[in-house]
Student: 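Below you'll find the structure I mean.
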Amino acid sequence: MVEGYNGLLTATVFLPAVGALVLLLVVKGDRNVRNFAVLIALADLVLSLLVFGFFDRGAGADRFQFVDRITWIPDVGLNAEFLLTVDGLSAPLVALTGLLGMCAVLASWRIGLRVKEYFIWLLVLQTAVMGVFTSMDLLLFFLFWELELIPMFMLISVWGSGRKEYSAMKFLIFTILGSAFMLVAIVAVFLTADIGTFNMVALLDEPTMLTSAGLLIPLSGLFWLFFVGFAIKLPTWPVHTWLPDAHTDAPTAASVMLAGVLLKMGGYGLLRINVGMFPSQTDRFAWALVTLGVISVLYGAVVTIRQTDLKRLIAFSSISHMGLVLVGIGSVGISQGTLTVTGLNGAAMQLFTHGTVTGLLFLAVGLVYDKTHTRYIPDLGGLAGRMPVVAVAMLIAGLASLGLPGLSGFVSELLVFLGAFQAYAWPTVLAVLGIVLAAGYILWMMERTFFGVRRPQFDDLTDASLVEAAPLVLMVVTIIGVGVWPTLLTDVFESGLNPMVDVLNGVINP
Amino acid sequence: MVTEAVIWAIFLLPLGSFAFAALVVRPFFNRFSLISGLVTIAALGTALGFSIWTLRSVILGHELVFEPIEWLEVGGATIDFGLLIDPLTAVMLIVVTGVSLLVQIYSLGYMKGDPSFSRYYAYMSLFTAAMLGLVLASNIIQLYMFWELVGVSSYLLIGFWHERPTAAAAAKKAFIITRIGDVGFLIAILYLFTQADNFAAVGLNAFHIPDIWEAAQPEAAAGAILGGAVLTWLALGIFAGAAGKSGQFPLHTWLPDAMEGPTPVSALIHAATMVAAGVFLVARFFPVFEHSPDAMTVVALVGAFTAVFAASMGLVMNDIKRVMAYSTVSQLGYMMAALGLGLYAPAIFHLVTHAAFKALLFLGAGSVNHATGTFDMRYMGGLRKVMPITYILVVVAGLSLVGIIPLAGFWSKDEILLGAWTGTGLVDTWVSRVTFSALLAGVIVTAFYTIRMIILTFHGEFRGGIVRELEEKAQTVPARESHHGGVHLAESPWVMVLPMVALGVTAVLLGYLANPQWTEEIGIPRHWIIGFLGDGLSAALGASGHAETLDFSRWMATISTVAALSGIGLAVLIYLRRRDQRADPLSKVKPVHTLLSEKYYMDTLYEDVMVRKGFFKYFAGILDWTDANLVDGIVDRIGWFFQNIGSAIGKLQSGHVQGYATGIAFGVLAIILALLLA
Amino acid sequence: MSFEAFMIVAAILFCIGLYGSLARRNVLAVLMSIELMFNAVNVTLVAMAKYLAPAALQDDISSVLTGQVFAVFIITVAAAEIALGLGIVFAMYRTHDSVDLSEATGLRH
Amino acid sequence: MLFQDVTFWILSVMAIGGALGVVMVPDLFRAALLLIVVFIAVAGFFILLSAEFLAVVQVLIYVGAIAILIIFAVMLTRDVQRGNLPNRLQLPAAVFAALLLAALVTVAVDTKWEFLPADQQARVDLVQTNSVTTLTGGVLTEQGVTSDEDQAEVQEAGLADLLISDYVLPFEAVSVLLLAALIGALVLVRPSSGTGRD
Amino acid sequence: MSVHDFYVLSPYLAMAGAAVFVILLDLVLPKKSLLPYFAFAALAGPFIMSLIQFYDLGGATNLLRGADPFTAEDPSILLSAISVDRFALFFNFLIIGSVALVVLASTDYVRNMERFQGEYFGLILFAATGMMLLAAATELITIYVSLELTTLPMAALTAFLLTRNSSEAGMKFLIIGAISSALMLYGMALVFGFTGSTQLSEISTAIGQASGDTPFGNYALFVGIILMIAGFGFKLSAAPFQMWVPDVYEGGPTPVVGFLSVASKAAAFAVVIRVLFTGFFDVALDWGILIAGIAAASMVIGNLVAISQSNIRRLFGYSTISHAGYILVGVAAGVKSGDGIFKAPEFAAIGPDSVLFYLAAYAAANLTAFLAITMISAKISSDEISDYAGLSTRNPVLAVVLALSLLALIGVPPTGIFIAKLYIFTAAVDSGLIWLAILGVINSAVSAYYYVRIIRVMFTHPATSDEKISGSPAPWLALGVAGAAMVFMGIAPGFVMEAAQEAVKALAI
């Protein structure tokens, strides 16, 4: 039973928020603010690793663990609960959030403008994202989902660069629009006569209950309403256009969080809600998901090749890589045989690995920008000689991004392809071409940025300092760790996804 | 008998030296970077010892089957890491560790003083580890992983001098082109996974290589799983990967550019081992290929065509390393063609001998460069006198390449030619004939460019080396390997010469000793390596039919020798006595020369036409424009539209109160009307 | 002199009032027009009280006076409204130096 | 009945003509005078409709108070010279007014009104006409209301009674309203001394 | 009138009395600056009486004696005019609360009005009396009088400043109000004529018997109801009766505008709900469509025009129009077509309670915003959004609170309006108005654009002046209370929601 109050997740989710409050009220002085923020981020990282580490992945373990459950809005029309819990799908993402939160704080060491405010927003953001990954009540989920907007908006529009206000606004409007659709769907689910709950655990346990009579919106409608919300966040072609702008103009830490965890919220939502709650529709529309996924992969990759701004390049590559999540989910559309968890696990893994990889890329680019004050690729070149640490980090991230074995990206891409190929062979082949293109733009970027003849004005560049290098190392270790020992993650993901696959198999082979 | 731990150690030792060099020496003790070289050499030496031990165990017929380690298990996909020890593996282990060891020793001298000495050894160790992992892999995904790792180490090493734009570009090109081939390989893997259920039904694992062999056997229990067109596509997918790595037409263009890397790298990776990985891959899946005549035909014809095609470009190159690069491509074509014809063991035999003499040739080129500072043969000449050891060794290696009896190359090439002529029955006869003709023609061309190279480099008068080259070209770009800087005409240091000598000895002896033709020599049975490899294959399949050896044919030997000698003669005739070696007489046949020196315009086609113009400028450009103006533009337009609609409605707000009242009246009437009509 | 006749005359009066309140510039004219509308409503209400059966007719005969009561209230409120209206008109006159509504368009868009 | 019909038509012409005058006549002062004509005509309507008390109230409040106030206002504001000009909204205003008229006439004609039963008409007239007096039993008997119960009922019915019983609340409220409006008007005509800001 | 009747009327009498008290006090009080506090204290009367009535009500629906037809008691004479039930009391509290905050917030604002402070507060309290009555009224005449009792003092207050803008705004408010009243009166007359009564309960009975092909059964009702809705629409500031709103918002005194946007609107919704749900329920399907259309128009027009506004108060004028639209969604969603053969209208599962909750949440959020704007504009003497630049440095707390209230108005959790919107859109989906719900959420998203723009200016643009912005304790207190209520309703909406649900039970008689 999903009952009780463990407290660990509450602590994990709200620690950054409490930290932000303390920061606001108590801490004075930029130096103290930084140190305190790091402390909080570190503590939260530890907590999130505890969640991940103590998550029981044994065969007989409960599906949902670390339950924190109390009534939030009593049964007066909207009986919502404060229900935090993790399953195999969310536990790694919680860890990812802790990890990237830590990196984001460290990457913000050089922020000089309105320091306290900055770290407050950053910590609030972390709470929001943690909340999204752990709340199992649709209303609470939505609450956190929306909560994340504000800090990100502020981070972009105050501490960003370029057309920061336009970008921040675009980010905001797109996301709000998406969540608006989601809200309608949430409400409609809740209102369905024999459902009457926001409890996602209940909705996941018996997904077939959604096939029962009395739906206000047809199942397919609900599916697509949710899908739009998540697709915008993911982002999927053609609703991706907020991403390059937001990424490009955001400060480094915000880019890291944006690419590293915020996009993952979209993928997580797709897996948790679209796949978990609407198995029949996922099966029915798998072709559409794959189509969108493949378009995103190829379109994103081709457009990436044209980019001359480092951050914009990575942003477009994110579109391409997140397309793989859709392709992985498309594995549900197998026409014969038994669905295995491979593709879905690949999609989930892709969430994690892309989080680390893109996080690292943005960290490295942030350093490059910090030191050279440009992100325009034709203005750069030959930086490897002056900043080898950054170059190595960038190279490792880039190689992981193009799916090099031994690094995390490979595992997720392989699983996605293995899964999807069984359902849609030719689209998958097209998606595979995406990795060739990935090699193209990553290596082109490396060549033009870090290799080749160094411009004289970059002769005095310094390499990353210890504080700057710390997040890089943290990420590199994660990337290699996952790449070498993926079972660490896949097992956990599998324990979360297997129940869904069982349900899906019931739908596919009735 | 060799233990599992020892075999793992072969792989782990270089990996350890990589970790040591990369994580310890490079960041913390870069001043003592020599340590990393010594550690690497020690590790490789041990690995070589273990490899020999392994080979011995295999020869003695020990049962070397080990339980794999589960790496990843998701859904139906169980990916194991295991060791697949068979004669092919054992031979490859020796080749890789052996050549690698010699090259590392050589590099001590060649790379001396390079600021990135540790990095160099780290990369080299990484490469060796990856290559060994590839060779040892028992699981196709494991193999694919190391396959990619090998690719990335190659990328890193080609781009080792990353300050040089040409090096960085060449590295990128190498990686991307091989990756295009890898897509085929990956798709083959994906296809295998779709059959996982069928494999599992008969207790097999779709990723386990011996299980794949079994599934491909028509007579085997699992015969229904892979067969017919499926098998062909599977084989072609794998071959695509192999073609990328081994530089087979049309994916060969990266290999000559890869010569931008340090010369020892070229020797190890782009001559002896990695490029041969493609051959190894096809050989590894030979039990799959051999049941698809169509796939075999493709492999044979592509190999044969590549053999001649690449060799023809070698005729006109001025850069000594590029000549060798095309030569490598050409020789890889020989091996591929052999495999395509079903000549499994000869192909591997040629791989082995080629590794020895081609590595030696490259090391020789490095040695020459050490003295002259350049790779451009137009600025060499006359080195025979100043570096006699190098000269002798290069001549030996060159003749071995040409296939002059009794050097190593002769014996392996002879096996291939003979086999091609005889045919194996796995492909149509016409394929064998076409292949044979191409390979024979290739011999003539090979002989010509080899001798041309030797003459231009070592004979005649010295033409000034790098100093002159720089003057003439007045180029601002730093010349390659500029740290060797000036010209100091002398024999290379012993640390470079000794490995060359070792390879030279091998290049002389290996051919006959490994495969004695007539009698058992010093304990080595007749046709030992052919039998050894063939038996290994048969044993793996639980069947026979791969161990048959062809007796030495005088006719064939004569024909090939005549062909080789005619090539040599022609080259000697044209080049040996010329005064001015800087203008190539071949350039008089202008159209042909241009075509060849422009590499059949394939780079132009790929890079300028297809990639830069077609893909980048037009396709990606249009898509990028679309994204910015249509997809994103629509979003902005919508925003603009709403804002303007808003302003337009706002304009009704004239400030005129009766206008507002009129609005109310209008509203009332509109509602009445709307409800009446509704 | 039917009920409909009263209704129609009242409606005409109402609509003339509406026209006047929309189309006159002078704020006092507008106020006068509004009074016309109120008067029209009053006529309607009283006519209804006279001719139409009230719902509570059977229970309470005094329900036939409801229309008149309504009219009384309307007259009273109208008086209050005019009083306040004139106050605002004076305020506007002081600030705008005019009682022309077409000139009081400082707040717009 | 003829007299009443004729009166009705005369009053109608007065009311409509006066009303048109109010909204058309350029001279604001004359418009105000015409407004009084309309008010008086409406008072006439009230008498026709058996609402004599209302007629009195109409004359007292509208003519006596409101119209006079307006006339004062007209004279106090200098715009009186500029007159009662139409604005640019004439045409739409006329169109909308006409359309609304059509709707209202349709309502008046097409609705199935529930008319008083004929037998009740006399009693209702009695009650309405005498809404502010208490009729004696004799008068009632004269008018045909004979039974004691009916007499009592009619006697109890009266505007004043209603205003302090059923409608006591709006009655109180309207008194508050008058107070508030007066205070409001008072405040608005206070000497402006830079009291506030925008 | 019996003692009981006085008791029933006590909150209203107390409120009106408070108004008179304040005005009289103004004449004698030497220290004018204390006046707001007296006005605030005077609110205790209506508040306490409402509270007593609330507890007195217990489980009954109506406090009035004789409301239950089965009791033989002497029925109250007020029965025909008002119904003091939970619905009315809900609005009593809402209105008293808003008045209290507005009074507190006005302490700084009225300082330079010297002699007329008493009248200022008096008029506010008079208007509040009207609003409270409006929420309780069940009879057309009472409704009309109460409506005017709110409108006329508000008009006076709008013109109170006697500046060019203020008087113009007051004049506009008055004229539009009067024309609307006239239209509404004609509508009431038609309804009265057709049904023969002005009491909602009797109107309801009469309508139940009528039937016909035209909308609402017949022409009199058809035009009558539409004209009435037009009149109410003016108070609701719903499209197409909304055009006066931005001008009045721009011209009127800021606290008054805040009051107007919150309390006046709440009262208008109260009466609309009361009339539609108790009087016209039998034709609910017809007005349901009509209200839905008005809701859609209000949301779209309000939001779209708001995008291009540069004056913050004007922007809030459009914002309030859009919120009227959202709230009307809840009204339209209150009914749904029944399952029977005749498709008779039925109460939806969630109906007017969502409206009540929204009103409470909106009151909290919008008052927070207006109180903040009052404090800011008192200092920077401008309502241009561009002059809000750098507010975050000039007074961070104020900036954060204003930002929070703006986010609340978008409907971002965890604020009351999020729950309220959720509630309302839930209701809409439940009643089959999915298109309206989707339109509503899209509009919410669009609205983010202009609200966030203000936040952006406050936080990201550099300040034009270093001068700090400060306020006296009373406005701060008001701001704090309103802000806390705003957040409280988002985090723990249960309390208000239950109250709203209890309140609307009074309607379903």
Side-chain angles (χ1 to χ4, degrees), chain C residues 3 7 10-11 14 17-18 21-22 27 30-31 33-38 40-42 44-45 47-49 51-57 63-64 66-67 69-74 76-78 80-85 87-96 99 101 104-109, chain E residues 139-142 144-145 147-149 151-153 155-156 158-175 177-179 181-190 192-199 202-203 205-206 244 246-251 305 308-311 314:
Chain C
F3 170 64
M7 289 290 286
F14 188 86
L18 180 65
S21 61
L22 296 183
V27 65
V30 171
L31 286 178
S33 303
I34 291 170
E35 291 308 321
L36 285 180
M37 294 163 81
F38 284 133
V41 174
N42 282 345
T44 311
L45 280 168
M48 283 170 166
Y51 289 100
L52 301 181
L57 182 64
S63 61
V64 300
T66 309
V69 173
F70 208 152
V72 169
F73 279 110
I74 293 175
T76 321
V77 172
E81 197 158 330
I82 281 295
L84 185 71
I88 293 182
V89 167
F90 283 124
M92 176 185 157
Y93 184 64
R94 286 220 304 257
T95 53
H96 287 69
V99 287
L101 286 178
T105 54
L107 302 167
R108 58 199 297 187
H109 301 313
Chain E
E139 192 261 352
L140 294 183
I141 298 175
T142 316
Y144 169 62
V145 174
L147 200 69
E148 292 297 337
L149 184 52
T151 309
L152 294 186
T158 309
F160 201 90
L161 298 176
L162 292 185
T163 57
R164 198 177 162 85
N165 277 355
S166 175
S167 61
E168 184 183 326
M171 184 270 300
K172 285 177 175 171
F173 189 76
L174 183 89
I175 287 181
I179 293 175
S181 297
L183 289 171
M184 182 186 70
L185 277 176
Y186 204 102
M188 283 181 170
L190 289 177
F192 161 69
F194 183 75
T195 60
S197 175
T198 56
Q199 289 181 35
E202 291 179 6
I203 289 173
T205 318
W244 59 276
D247 291 6
V248 169
Y249 275 47
E250 189 180 343
V305 187
S308 53
Q309 297 307 315
S310 62
N311 180 302
R314 208 171 170 79

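Just so we're clear, the structure is a prediction, and the values are computed from it rather than from any experiment. In the text below, chain A, chain B and the rest are named by the order of the sequence lines, each starting its count at 1.
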Student: Looking only at atom types and distance, does a side-chain atom of E:Lys172 sit under 3.5 Å from a main-chain N or O of C:Leu107, one as donor and one as acceptor?
Tutor: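 Yes; at least one donor-acceptor contact below 3.5 Å.
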Student: Quick check for you: among E:Gly170, E:Ser181, E:Ala178, which has the greatest number of heavy-atom pairs under 4.5 Å with chain C?
Tutor: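 Top count of heavy-atom pairs under 4.5 Å with chain C: E:Ala178.
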Student: Answer with side chain, backbone, both or neither: which region of E:Gln309 has an atom nearer than 4.5 Å to a non-hydrogen atom of chain C?
Tutor: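 E:Gln309 touches chain C through side-chain heavy atoms alone.
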Student: Please classify the contact of C:Ala47 with chain E as side chain, backbone, both or neither, using a heavy-atom distance under 4.5 Å.
Tutor: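 Neither part.
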Student: Tell me, for E:Tyr186 versus chain C, whether the close heavy atoms (under 4.5 Å) come from the side chain, the backbone, both or neither.
Tutor: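 For E:Tyr186, the contact with chain C is made by backbone and side chain together.
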Student: Could you pull out all residues at least two apart from C:Ser63 that satisfy side-chain contact (heavy atoms from CB on, under 4.5 Å)?
Tutor: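 Once residues adjacent in sequence are excluded, the partners of C:Ser63 under the side-chain contact (heavy atoms from CB on, under 4.5 Å) criterion are C:Pro54, C:Ala56, C:Thr66.
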Student: I'd like to know if E:Arg164 pairs up with E:Glu168 as an ion pair, taking the criterion as any Lys NZ or Arg NE/NH1/NH2 lying under 4.0 Å from an Asp or Glu carboxylate oxygen.
Tutor: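 Salt bridge flag = no for E:Glu168 with E:Arg164.
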Student: If you look at every heavy atom in E:Leu174 and C:Gly85, which pair is closest and at what distance?
Tutor: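 Reported closest heavy-atom pair: CD2-CA, 3.2 Å.
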Student: Please look at E:Leu183 and chain C and tell me whether the side chain, the backbone, both or neither of the residue comes under 4.5 angstrom of a heavy atom of that chain.
Tutor: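 Its backbone and side chain both get close to chain C.
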Student: If the condition is side-chain contact (heavy atoms from CB on, under 4.5 Å), which residues does E:Ala182 pass it with, not counting sequence neighbours?
Tutor: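 E:Ala182 satisfies side-chain contact (heavy atoms from CB on, under 4.5 Å) with C:Phe14, C:Met37, C:Phe38 only.
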Student: Please rank E:Gly193, E:Gly177, E:Ala169 by heavy-atom pairs under 4.5 Å with chain C and give me the top one.
Tutor: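 The residue among E:Gly193, E:Gly177, E:Ala169 with the greatest pair count is E:Gly193.
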Student: Chain E heavy atoms under 4.5 Å from C:Ile74: which part of the residue, side chain, backbone, both or neither?
Tutor: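 The answer is both parts of C:Ile74.
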Student: Using non-hydrogen atoms only, which part of C:Val64 is less than 4.5 Å away from chain E: side chain, backbone, both, or neither?
Tutor: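 Neither the backbone nor the side chain of C:Val64 comes within 4.5 Å of chain E.
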Student: Apply the test side chain to side chain contact (heavy atoms under 4.5 Å, CB included) to residues E:Arg314 and E:Asp247: give CA-CA distance (whole Å), side-chain angles for both, the deciding distance (0.1 Å), then the verdict.
Tutor: CA-CA 7 Å; E:Arg314 208 171 170 79; E:Asp247 291 6; 2.9 Å; yes
Student: Name the region of C:Ala53, side chain, backbone, both or neither, that has any atom closer than 4.5 Å to a heavy atom of chain E.
Tutor: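 Backbone only.
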Student: Where is the tightest heavy-atom contact between E:Ile203 and E:Ser197, given as atom of each residue plus distance?
Tutor: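 Heavy atoms of E:Ile203 and E:Ser197 come nearest at CG1-O, 3.5 Å.
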Student: Can you see which heavy atom on E:Ala159 is nearest to which on E:Ser166, and at what distance?
Tutor: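 What the structure gives for the nearest pair is C-OG, 3.2 Å.
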Student: What part of E:Leu190 gets closer than 4.5 Å to chain C, counting heavy atoms only: side chain, backbone, both or neither?
Tutor: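 When you check distances to chain C, atoms from both the backbone and side chain of E:Leu190 fall under 4.5 Å.
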Student: Considering only heavy atoms, which portion of C:Ile34 lies under 4.5 Å from any heavy atom of chain E: side chain, backbone, both, or neither?
Tutor: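 The answer is the side chain of C:Ile34.
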